[in-house]
Protein chains: 2
Amino acid sequence: MGEHMQIGEAAARTGLSLRTIRYYEEVGLVKPTARSQGGFRLYTEADLARLELIKRMKPLGFPLEEMRELLELLHPEAESAVPLSEVQRGRLVAFSEAAERRCRELKADLATAEALAATLRERLGAGSTAT
Amino acid sequence: MGEHMQIGEAAARTGLSLRTIRYYEEVGLVKPTARSQGGFRLYTEADLARLELIKRMKPLGFPLEEMRELLELLHPEAESAVPLSEVQRGRLVAFSEAAERRCRELKADLATAEALAATLRERLGAGSTAT
DNA sequence: AAGGAATCTTACCTTAACGTAAACGAAAGG
DNA sequence: CCTTTCGTTTACGTTAAGGTAAGATTCCTT
């Protein structure tokens, strides 16, 4: 019945540091499902999945504060049947657009980086095999 | 014969701020070719090109300090006939490898970002067209 | 019961790459 | 000459996302 894991294992499995996990809780990103009698954080697999999702979201470049908001839109605390208010949908649209913009930015950055990397390789290829 | 431009024009043409250009000088990235009698920075087209190169290099994610070193390897101050010392070549190889690593990282980030962006789009597509 | 390993909270520290403000000098046009 | 406009130096401020340290507790195993 060991459904819960402590922060150490959560860190090991996600590749995040203890500090990072605690910090994510501090800013409201991931609250451990339970605490032990003595106050140790206890994470479930679902919590783990959330931590991993946050880690995957990093490339989007959103500040943690916005990530928190986005996660709330995606996984409402209350399993409400209410789909999404108009305002919430608007926020989601904004996030979606920001994500697309970020993708385009990443694409441009990649192209630029590859061009420069190619230049460097060339430079090296042309290098003299001196004594 | 106005071969030189002041910092304002350099900023306007590169899209960099005055502060940024001065800061780049401070850390040894770009020194203006000349100064006016009164001390105004005067940039040539070559200086401009250097500023633009630096701007393009941003996606490589190198700290400015390393950029400085890389630029020195690529555009040696003294137009020396000496190609490159072994040590210098080694540094260049390291830079090249770092650039390739960065490219792979950007590619991975892009893939991750695109997957998430797709997820967000889906979420929106599924949204109810409520009253 | 003991004791090492894991965790807790609190709180100060770090860092790069600029932003911003102040007070003052230069350049250029009328 | 005068006055805008542009530029100069100096120096302090900013910011997110943790790192790191200290001292106290809890957990687990023996």
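Proteins come first, then strands; the chains are lettered A, B, ... in the order of their sequence lines, and each starts at number 1.
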With a cut-off of less than 4.0 Å, is there a side-chain N or O of [X] near OP1 or OP2 of [N]?
| X | N | value |
| --- | --- | --- |
| A:Arg35 | C:dT9 | yes |
| B:Tyr24 | C:dC18 | yes |
| A:Ser17 | D:dG18 | no |

Less than 4.0 Å between a side-chain N and a carboxylate O, is that true for [Y] and [X]?
| X | Y | result |
| --- | --- | --- |
| A:Lys55 | A:Glu52 | no |
| A:Glu26 | A:Arg22 | no |
| B:Glu105 | B:Arg102 | yes |

Verify the distance criterion only: is there a donor paired with an acceptor across the side chains of B:Asp47 and B:Thr44 at less than 3.5 Å? yes
Over how many whole Å does the gap from [X] atom [atom1] to [N] atom [atom2] extend?
| X | N | atom1 | atom2 | result |
| --- | --- | --- | --- | --- |
| B:Gln6 | D:dT8 | CD | P | 8 Å |
| B:Met67 | C:dA16 | CE | C1' | 12 Å |
| A:Arg19 | D:dA16 | CZ | C1' | 12 Å |
| A:Phe40 | C:dT9 | CZ | C1' | 12 Å |
| A:Leu16 | D:dG19 | CG | P | 10 Å |
| B:Glu26 | C:dC18 | CD | P | 12 Å |
| A:Leu29 | D:dA17 | CG | C1' | 11 Å |
| A:Glu9 | D:dC28 | CD | P | 13 Å |

Take B:Ser36 and B:Leu64, find for each the nucleotide of DNA chain C with the closest heavy atom, and name the residue whose nucleotide sits nearer the 5' end. B:Leu64
Taking for B:Gly39 and for B:Lys58 the nucleotide of DNA chain C with the nearest heavy atom, the one nearer the 5' end belongs to B:Lys58
Side chain to side chain contact (heavy atoms under 4.5 Å, CB included) between B:Leu110 and A:Lys107, worked out: CA-CA 7 Å; B:Leu110 175 59; A:Lys107 242 181 244 181; 3.7 Å; yes
Ranking A:Gln37 and A:Leu18 by the position along DNA chain D of their nearest nucleotide, the one closer to 5' is A:Leu18
Comparing nearest nucleotides in DNA chain D, the 5'-proximal residue of the pair B:Gly38, A:Pro63 is B:Gly38
When all nucleic acid strands are considered with a 4.0 Å heavy-atom cut-off, which category describes A:Glu65: base, sugar-phosphate, or nothing? nothing
Base, sugar-phosphate alone, or nothing: which one does B:Arg22 contact when heavy atoms must sit under 4.0 Å apart? base
Between D:dA17, D:dG19, C:dC8, which nucleotide gets closest to the side-chain atoms of A:Arg41? C:dC8
